[in-house]
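Naming: A, B, ... by sequence-line order, numbering from 1 per chain. Predicted model only: the values in this text are computed from it and were never measured.
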Protein chains: 2
Amino acid sequence: MSDILTAGNLSFAPLYKRVKMRIMQRLTVGEWKPGEAIPSESRLTEEFQVSIGTIRKAIDELSAEKILVREQGRGTFVATHTEDRFLYYFFRIVDRNGVKIFPQSHMLSFRRMRADANQAERLQITRGARVIRISNLLKLGGKPVEIDEIILPAERFPGLTEEMLLTRSSTIYHLYQAQFGINVIRAAEKLHAVTADDETARILHLQKGSPVLGIARVAYTYNNLPVELRNSYVNTDDHDYFNDLGKST
Amino acid sequence: MSDILTAGNLSFAPLYKRVKMRIMQRLTVGEWKPGEAIPSESRLTEEFQVSIGTIRKAIDELSAEKILVREQGRGTFVATHTEDRFLYYFFRIVDRNGVKIFPQSHMLSFRRMRADANQAERLQITRGARVIRISNLLKLGGKPVEIDEIILPAERFPGLTEEMLLTRSSTIYHLYQAQFGINVIRAAEKLHAVTADDETARILHLQKGSPVLGIARVAYTYNNLPVELRNSYVNTDDHDYFNDLGKST
DNA sequence: TAGTGGTCTAGACCACGTG
DNA sequence: ACGTGGTCTAGACCACTAC
């Protein structure tokens, strides 16, 4: 991503990059909300006073980054986490046949607490700031497969209650979008193998001391702003974490 | 528009897609080899009798897929596995600080054998066909971190010897390129946590029964043709498998 | 200076979704 | 019938690399 361009010195960047950042800016401030259509390309040419090819190149990049979604004949829309193709974008667990199944989430706990030094640093907030800790059990085909421990900066999720999480109908990232205007567009994950602690083993129906796949994720919204930490533990006896290195198009 | 030889049902695909496939075809047959420059865009417009914008769109996709590499003022080149940015493209292990270190490879074994049913299926070869099994130990900063078991279809690697692997100076994927004309452009990986067997634990300096990160990879060349199987086991005590969900542009 | 890829423009026509 | 994004063209100029 363009760390330099976000700083403000994009005066000398190519025109289409500047157009792209102006569109990103509108998305950031919520002028165009997830699920809504942005103005048509020809309308944007008038607004930005550039040719349609330049507009298209800006939107090309934004749709490659899955921030916008084009639909021929209909328009260009702000991506939402309810669409099928995004449901799995941040969920990489597949069964032994490589088939993706959507998980059922069951909340285990919901607590308010203070950020420790590590959490504060990764979330770019001050140590001791209020955070919310949510623990979920994910089931695939009825079987417990993954435990998530989610840490959210409370300041960015004002009024988030246990109730909202219990009654949500879609993914949690869609809840962030719809309720708090926070659009997760990127996540960095670090994976490692660890021995399950006793409680994790019990919940995942594993023998004590079994190995589990640990995933430490930081999720980001626009401008590489971190908005969620997540530590996951996966029972990989019947499932895998799938990763495709390379393209397909 | 005298386009023939566009294999399959691409006869009605957009022009730039057909141009793209024709370029891929040239790469596949080795007409343009890794490291070499392909003809300039203006030359390709003459050759394919299309406008430069169409050529550019075809090359855009191929460079997004890391099959070609553009260099302003110099030309467009067939990607090689010696360039820095590709050294890590298929190697995702980082240290605790998230820093990528390039691994030192040490061969543990080299054997010729026959494909079992599972290997045959994943390599799309017949059961019992000749394969080569290579085992390597990868060290990071002098410490043993990963064991690789590589299975290659012997037919595609004629004359591959233990010597060639011992004396190679770059990555093994570069050896595939340079010696056998096989260009790995994609890999699908499945990750899981397992208990290290005794030998693996010994080699990785782990206690018996320690958890390790298992990676099952299938590597592909053009046209999604599988050319390598690889089972890896990683000591993740001081390292992680890093994955960025989102784009980079 | 010559040749390469990178950007930007302007206009035409096609394919698709909606009313 | 209309408006949308998708493709294709033609030409201009810029930025960079090489000689």
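- Which of D/dG6, D/dC8, C/dG5 sits closest to the side chain of A/R70 comes down to D/dG6.
- A close approach under 4.0 Å does occur between a side-chain nitrogen or oxygen of A/T76 and OP1 or OP2 of D/dG5.
- The listed nucleotides are C/dC8, D/dT4, D/dG5; the one nearest the side chain of A/Y16 is C/dC8.
- With rounding to whole Å, A/R18 atom CZ is found 11 Å from C/dT7 atom C1'.
- A straight line from CD of B/E61 to P of D/dG6 spans 13 Å, rounded to a whole angstrom.
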Does the side-chain hydrogen bond (donor to acceptor under 3.5 Å, both in side chains) test come out yes or no for B/T80 and B/E83, once each step is laid out?
CA-CA 6 Å; B/T80 78; B/E83 295 162 68; 3.2 Å; yes
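- Rounded to whole Å, atom P of D/dT7 lies 17 Å from atom CZ of B/F12.
- One finds no side-chain N or O of B/R56 lying less than 4.0 angstrom from the OP1 or OP2 phosphate oxygen of C/dG5.
- Closest approach to the A/L15 side chain among C/dC8, C/dG6, D/dT7 is made by C/dC8 (side chain taken as heavy atoms from C-beta onward).
- The distance between atom CZ of A/F48 and atom P of C/dC8, rounded to the nearest whole Å, is 14 Å.
- Distance A/L44 CG to C/dT9 P: 14 Å, rounded to the nearest Å.
- Phosphate proximity of D/dT7 to B/K57: present, with a side-chain N or O under 4.0 Å from OP1 or OP2.
- Between A/R26 and A/E47 there is a salt bridge, since at least one side-chain N of the basic residue sits less than 4.0 Å from a carboxylate O of the acidic one.
- Comment: A/E189 does not engage A/R92 in a salt bridge, judged by the lack of any side-chain N to carboxylate O separation of less than 4.0 angstrom.
- A straight line from CD of A/E71 to P of C/dG17 spans 9 Å, rounded to a whole angstrom.
- Cation-pi geometry between B/R186 and B/Y220 is met: the NZ or CZ atom falls under 6.0 Å from the ring centre, inside 45° of the normal.
- For D/dT4, one of the phosphate oxygens OP1 or OP2 lies less than 4.0 angstrom from a side-chain nitrogen or oxygen of A/R43.
- Here the side chain of A/T54 is nearest to one of D/dG5, C/dT9, D/dT7, namely C/dT9.
- The nearest whole Å value for the distance from the CD1 atom in B/I55 to the C1' atom in D/dA10 is 14 Å.
- Remark: A/E228 does not engage A/R156 in a salt bridge, criterion side-chain N to carboxylate O under 4.0 Å.
- Residue pairs satisfying the side chain to side chain donor-acceptor pair (under 3.5 Å) criterion with at least one member in residues 98-107 of chain B, sequence neighbours excluded, are listed as follows: B/S105-B/R168.
- Look at NZ on B/K17: it is 16 Å from C1' on C/dA15, rounded to the nearest Å.
- Ion pairing of A/E146 with A/K139 is absent here, as no side-chain N (NZ or NE/NH1/NH2) approaches a carboxylate O to less than 4.0 Å.
- Checking C/dC8, D/dG5, C/dG5 against every side-chain atom of B/E41, the shortest atom distance belongs to C/dG5.
- Judged purely by distance below 3.5 Å, without hydrogens or angles, the side chains of B/Y241 and A/N243 pair a donor atom with an acceptor atom.
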What string of B, S and - do you get for nucleotides 12-19 of chain D, 5' to 3', if B is base contact, S is sugar-phosphate-only contact and - is no contact with any protein heavy atom under 4.0 Å?
---BBBS-
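- OP1 and OP2 of C/dC8 both lie 4.0 Å or more from every side-chain N or O belonging to A/S51.
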